[in-house]
Amino acid sequence: MSIVKQIQSAVINALSTSYHIPFTEKDFQINQTKPEFEGDYTIVLFSLVKSLKKSPDEIGTELGKTLINNNPHLFTSFNIIKGFLNLVVDDQYWIALLQKNHNDICYGKHALNGKKVMVEYSSPNTNKPLHLGHLRNNFLGWSVAEILKANGFDVLKSCIVNDRGIHICKSMIAWQLFANGATPETAQKKGDHFVGDYYVRFNDEYKKQIAQLKDSGMSEADAEKNAPIMLLTQQMLQDWEAGKPEVMELWKTMNSWVYAGFDITYKKIGSDFDRTYFESNTYLLGKDIVQEGLDKKVFYKKEDGSVWIDLTADGLDEKLVLRKDGTSVYMTQDIGLAKQKYDEYKIDQSIYVIGDEQNYHMKVLKLIAQKLELPYADDIYHLSYGMVELPTGKMKSREGTVVDADDLVDEMINTARHHTEALGKVKDFTSDELVSLYDVIGLGAMKFYLLRVDPKKKMIFNPEESIDFHGFTGPFIQYTFARIKSILRKEKSVGTGTYSGNLLPLEKQVLFVAEQFPNIIADAAKELNPSVIANYLFLLAKTFNSFYSEHSISNAETSDKKELRLQTAVMTSNILQNGMKLLGISVPERM
RNA sequence: GGUUCGGUAGCUCAGCUGGAUAGAGCAUCAGCCUUCUAAGCUGAGGGUCAUUGGUUCGAAUCCAAUCCGGAUCACCA
C-alpha cells in the first residue's frame with residue numbers, strides 16, 4: 001500500500017478515535033511537504049476546521065500526537081506551520097521499502113484485472129508515407145497499450161488501414177499516366193515514398209488542369225469537377241467498386257509496395273498490431289445496422305432515399321448515415337467496425353487513438369451507438385490528441401509540406417551518432433553494437449520528445465532546431481541508467497542486508513520518489529497519458545543524479561551505507577528501465 | 001455563427017480533484033572532471049499564470065463574461 005494511502009487511513013483512524021466523527025479521504029488533503037519545511041507529507045488542516053469547530057493549530061497538535069502514538073513505526077515527528085501539519089516519516093519505512101522492492105522487476109505493475117481493451121492506433125492511408133503526425137499517433141498508441149498492460153488489462157493493439165477510396169485512386173491514376181511502368185525497384189525507392197510521389201504528382205497535374213479550365217472561362221467549382229484527371233480518377237473508383245480486374249490488379253500491386261515500405265518503418269519505430277483491419281474489407285459493414293436503426297426509428301429516410309439521424313436535440317446537427325445511392329459513408333463504416341471489434345473479441349473497452357480534428361466525428365459515433373443501444377456503446381473512448389504543427393503552420397501531404405517519418409528517424413539516429421562519436425566513450429563497441437546504440441538513443445530522444453507533452457495539446461515541431469539530447473529528454477534518462485549499470489558492473493554483488501541508521505536527505509529523496517512509481521503507473525492509465533510517466537522518470541533520474549554527484553556509492557562511508565546505496569541504484573535502474581519500456585523506449589547498458 | 005480544446009518565464013512545457021514564497025528543460029551568465037560515465041551536478045537572472053468580475057480563510061487551479069489562437073460543424077475519409 002502506498003505511503004499516501006497509509007497516511008490517509010492513519011488520519012481517518014486518528015480522527016475517528018479522537019472525535020468520534022467518521023471522515024473519508026476526501027475530507028482532507030495530503031500533499032508532499034514543501035522543501036523549505038521539515039517533513040515528508042503534509043496534512044492541510046483547514047478543511048477540518050468547520051466540522052471539528054477547533055482552530056487548525058489545535059487540530060494539528062492533537063492529530064499529530066495521535067498519529068505518532070498510533071503509528072510509531074510510520075512517523076517520527078511532526079510540526080505545525082500556519083495550518084499545515086507536516087509529518088516526518090520514519091527513515092526505516094523507506095529502508096524497508098527499498099529492501100523489499102529494489103530487486104523486484106515487476107515493481108510498480110498491477111495485478112491482472114480481467115478486463116479486455118482494444119487500442120486502435122496508427123491507421124495509415126496507403127497513398128503516402130507516414131509523417132510526423134503518424135509518429136505521435138504510433139508512439140501514443142503503443143505507449144497507452146503498454147501502460148494499460150502494466151495496470152492489469154488484457155490489451156489488443158489494432159490498426160485500420162485506409163486502403164481504398166478516391167485518394168488511393170489518385171496515386172494510381174498518376175502512376176498510370178506518368179510512371180512508364182516504373183516500380184520501387186527500378187526507381188530505387190522505398191515503396192510508400194514511391195507511391196506517395198505519385199499522389200503529389202496527381203495534385204500538381206490536377207491544379208494545372210484546373211488553372212487551364214479557369215483560363216478558358218470555367219468557374220472554379222466546375223473546373224474542379226471537370227478536370228480530366230479527376231474524371232479519370234472517379235471512373236477508376238467506380239471500376240474498383242465494380243471489381244474490374246485490371247484496376248484490382250494495379251490496386252493490389254501498388255498497395256503491396258506501400259505495405260513493404262510501412263513494414264520497414266513500423267519495424268524501425270517498434271509499432272506492431274495484434275489485429276489489422278482493412279477498410280476494403282470493412283467499408284460495406286454497418287449497413288445492416290442502418291436497417292436496424294430505421295426499424296428502431298433512431299434513423300429516418302429522406303425522400304431521396306438517403307438515411308439520416310437527427311442529433312439536434314443533443315446540440316449537434318443532422319448526420320447522414322447512408323447515401324441516397326445506398327452506399328455507406330465514413331460514419332456507417334465506423335459503426336460497423338465497432339461492432340465487428342466487439343463481436344470478435346468481446347472487448348470491455350475500445351480506445352481510438354485519433355487526432356482531435358475528429359472529435360466531432362467520434363462524438364457522433366458514440367452517440368449513435370448509444371441511441372441504437374448497442375452493448376458496446378458506452379465503452380467507445382476517443383483518445384484525442386493534438387496535431388503536430390510546423391512553425392510555418394499545418395502540415396499538408398498534398399503540398400509536400402510534411403516532416404517525413406523516415407527522414408526524421410534517420411536524422412535523429414544521425415544526431416545520436418554525432419553526439420556519441422564526439423563524446424568518444426564507446427570506442428570499443430563493435431559496429432553492430434554502435435548501430436543499435438544509435439538507434440536506441442535516436443529513437444529514444446524522438447519518442448520521449450513526442451510523449452512528454454500532454455497528448456491533448458497540439459505541439460509545434462521546429463525541424464530547424466534539432467531535438468536536444470540534454471535536460472528533459474530521453475537520452476538524459478538513458479544516460480542515468482547507463483551510469484548506474486556502469487557501477488553495477490564493477491560491484492559484482494548487491495547484498496540484501498539491512499541498514500538501521502538514518503538517511504541523508506538525498507538518499508531519502510531518491511526513495512521518496514521511487515515509492516511513487518506504482519501510483520504513477522495507475523495515474524497514467526487513468527488519464528491514458530504517457531506524459532505522466534515521462535515527467536515522473538525525469539524527476540526520478542534528476543533526483544538520482546543529484547544523489548549520485550553528492551555521495552559516492554562504491555566508496556561509501558561504511559559497508560552498510562554502500563549496500564544501501566547499491567540497492568538504491570538497482571531500484572532506480574529497474575524503475576527507469578520499466579518506465580521507459582512503458583514509453584516504448586529501450587535503455588542502453590552503456591552510452 | 002454553434003460546439004469544442006487551448007492561452008503559465010525569451011522558447012518548449014509541468015502544475016489544474018483549490019493550500020504555504022508558481023516549477024522544470026532549453027537559451028543566457030557564474031562555478032564543478034588526478035575519485036563510481038560532465039549526455040552530469042551546483043548556483044544566478046528571468047512571471048500582471050490572457051483580461052475582468054465572482055465564490056472561498058485561501059484561486060494559476062472552480063464559476064461567469066470578454067479577448068486571442070486551433071479544431072470541427074461535407075451524400076470526403
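Each chain gets a letter, A, B and so on, in the order the sequences are listed, and its residues count up from 1.
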Asks: Rounding to the closest angstrom, what is the interatomic distance between B:G7 and B:U17 at atom P?
Replies: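 These two P atoms come out 14 Å apart once rounded.
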Asks: Who passes side-chain hydrogen bond (donor to acceptor under 3.5 Å, both in side chains) against A:Glu507, sequence neighbours left out?
Replies: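 Expected list: A:Lys561, A:Arg565.
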Asks: A cation-pi test, strictly: NZ or CZ of A:Arg590 under 6.0 Å from the centre of the six-membered ring of A:Phe429 and no more than 45 degrees from its axis. Yes or no?
Replies: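 Judged by the rule (NZ or CZ under 6.0 Å from the ring centre, within 45° of its axis), A:Arg590 is not positioned above A:Phe429.
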Asks: Are A:Phe46 and the base of B:G19 stacked, counting only ring centres nearer than 5.5 Å and planes tilted under 30°?
Replies: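 Given the distance and angle limits, yes, they stack.
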Asks: Let's see if you can work this out: which of B:U3, B:C41, B:A20 has an atom nearest to the side-chain heavy atoms of A:Lys363?
Replies: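 The listed nucleotide nearest to A:Lys363's side chain is B:U3.
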Asks: OP1 or OP2 of B:A77 less than 4.0 angstrom from a side-chain nitrogen or oxygen of A:Arg323, does that happen here?
Replies: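 For B:A77, OP1 or OP2 has a side-chain N or O of A:Arg323 closer than 4.0 Å.
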Asks: Counting side-chain heavy atoms from C-beta on, which of B:G25, B:G6, B:C36 comes nearest to A:Phe472?
Replies: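 The answer is B:G25, which lies nearest to the side chain.
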Asks: Distance to the ring centre below 6.0 angstrom and angle to the axis at most 45 degrees; does that hold for A:Arg164 and A:Tyr283?
Replies: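 Yes, A:Arg164 sits over the ring of A:Tyr283.
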Asks: With nearest nucleotide decided by heavy atoms, which residue, A:Ile81 or A:Gln358, maps closer to the 5′ end of RNA chain B?
Replies: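 Nearest-nucleotide comparison on RNA chain B picks A:Ile81.
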Asks: Work out how far the C1' atom of B:G46 is from that of B:A27, and round it to whole angstrom.
Replies: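 So the two C1' atoms sit 11 Å from each other.
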Asks: Might you confirm whether atom CD of A:Glu38 has over 12 heavy atoms from other residues, nucleotides or ligands at distances under 6.0 Å?
Replies: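 Open: at most 12 neighbouring heavy atoms sit under 6.0 Å from CD of A:Glu38.
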Asks: Does A:Ser486 place a side-chain N or O at less than 4.0 Å from the phosphate oxygens OP1/OP2 of B:U37?
Replies: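 Checking B:U37 against A:Ser486, a side-chain N or O does come within under 4.0 Å of OP1 or OP2.
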Asks: Could you list by number each residue of residues 519-540 of chain A showing a heavy-atom separation from RNA chain B of less than 4.0 Å, or answer none if no residue does?
Replies: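 Per residue number, the list reads A:Asn535, A:Phe538.
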Asks: Check whether any side-chain nitrogen or oxygen of A:Lys490 sits under 4.0 Å from OP1 or OP2 of B:U37, and answer yes or no.
Replies: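 For B:U37, OP1/OP2 do have a side-chain N/O of A:Lys490 under 4.0 Å.
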Asks: Between the side chain of A:Asn535 and the main-chain N/O of A:Val532, is any donor-acceptor distance below 3.5 Å?
Replies: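 Side chain of A:Asn535 to backbone of A:Val532, a donor-acceptor pair under 3.5 Å: no, none is there.
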Asks: Is the base of B:C73 syn or anti, if syn means a glycosidic angle within 90° of 0?
Replies: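 Anti conformation for B:C73.
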Asks: Is the A:Phe512-A:Tyr41 ring centre distance short of 6.0 angstrom?
Replies: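 When the ring centroids of A:Phe512 and A:Tyr41 are compared, they turn out to be within the sub-6.0 Å range.
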Asks: Remember a base hit wins even if backbone is also touched, and classify A:Ser546 as base, sugar-phosphate or nothing at under 4.0 Å, heavy atoms.
Replies: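 Sugar-phosphate: the residue A:Ser546, judged by heavy atoms under 4.0 Å, touches backbone atoms but no base.
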Asks: Reckon A:Arg483 has a side-chain N or O less than 4.0 Å from the OP1 or OP2 of B:A38?
Replies: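 The answer is yes; a side-chain N or O of A:Arg483 sits under 4.0 Å from OP1 or OP2.
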Asks: Compare side-chain N and O positions of A:Lys34 against OP1 and OP2 of B:A20 and report whether any pair is under 4.0 Å apart.
Replies: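 The answer is yes; a side-chain N or O of A:Lys34 sits under 4.0 Å from OP1 or OP2.
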Asks: Which part of the nucleic acid, if any, lies within contact of A:Lys26, taking any heavy atom under 4.0 Å across all strands shown: a base, the sugar-phosphate backbone alone, or nothing?
Replies: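 The residue A:Lys26 makes no contact with any strand.
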Asks: So, is the end of the A:Arg483 side chain (NZ or CZ) under 6.0 Å from the ring centre of A:Tyr548 and within 45° of the ring's axis?
Replies: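 Judged by the rule (NZ or CZ under 6.0 Å from the ring centre, within 45° of its axis), A:Arg483 counts as positioned above A:Tyr548.
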Asks: A:Phe84 near the nucleic acid: base, sugar-phosphate alone, or nothing, with a heavy-atom cut-off under 4.0 Å?
Replies: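 Base: the residue A:Phe84, judged by heavy atoms under 4.0 Å, touches a nucleobase.
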Asks: For RNA chain B, what dot-bracket results from Watson-Crick or G-U pairs at under 3.5 Å, with [ ] for crossers and | for inter-strand partners?
Replies: ((((((((.[[[[.)...(...]]]].(((((.......))))).....[[[[[..)....]]]]])))))))....
Asks: Does the gap between the ring centers of A:Phe37 and A:Phe84 come in under 6.0 Å?
Replies: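 When the ring centroids of A:Phe37 and A:Phe84 are compared, they turn out to be at least 6.0 Å apart.
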Asks: Between B:C13, B:A71, B:A77, which nucleotide has the shortest distance from any of its atoms to the side chain of A:Glu357?
Replies: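 Closest of the options to the side chain of A:Glu357: B:A71.
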Asks: For atom P, what is the distance between B:C63 and B:G25, given to the nearest Å?
Replies: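 That atom pair is separated by 32 Å.
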Asks: With respect to the phosphate group of B:C26, does any side-chain polar atom (N or O) of A:His470 fall under 4.0 Å of OP1 or OP2?
Replies: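 No, no such contact exists.
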Asks: Kindly indicate, with the supporting measurements, whether the criterion side-chain contact (heavy atoms from CB on, under 4.5 Å) is fulfilled by A:Phe517 and A:Asn519.
Replies: CA-CA 5 Å; A:Phe517 190 47; A:Asn519 280 341; over 6 Å; no
Asks: Which word best sums up how the rings of A:His419 and A:Phe469 line up, parallel for under 30°, tilted for 30 to 60°, or perpendicular for over 60°?
Replies: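 A:His419 vs A:Phe469 ring planes: parallel.
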Asks: Quick check: are there more than 12 heavy atoms from other residues, nucleotides or ligands sitting under 6.0 Å from NZ of A:Lys287?
Replies: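 Yes, NZ of A:Lys287 has more than 12 neighbouring heavy atoms, counting only those of other groups under 6.0 Å.
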Asks: Tell me whether the ring of A:Phe37 lies stacked over the B:A20 base, given a 5.5 Å limit on centroids and a 30° limit on the plane angle.
Replies: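 Given the distance and angle limits, yes, they stack.
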Asks: Looking at B:C41 and A:Tyr548: do their rings stack (centroid distance under 5.5 Å, interplanar angle under 30°)?
Replies: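 The ring of A:Tyr548 is not stacked on B:C41.
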Asks: When all nucleic acid strands are considered with a 4.0 Å heavy-atom cut-off, which category describes A:Tyr360: base, sugar-phosphate, or nothing?
Replies: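 Touches sugar-phosphate only.
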Asks: Please pick, from B:A20, B:G40, B:C36, the nucleotide with the shortest atom-to-atom distance to any side-chain atom of A:Tyr479.
Replies: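 The answer is B:G40, which lies nearest to the side chain.
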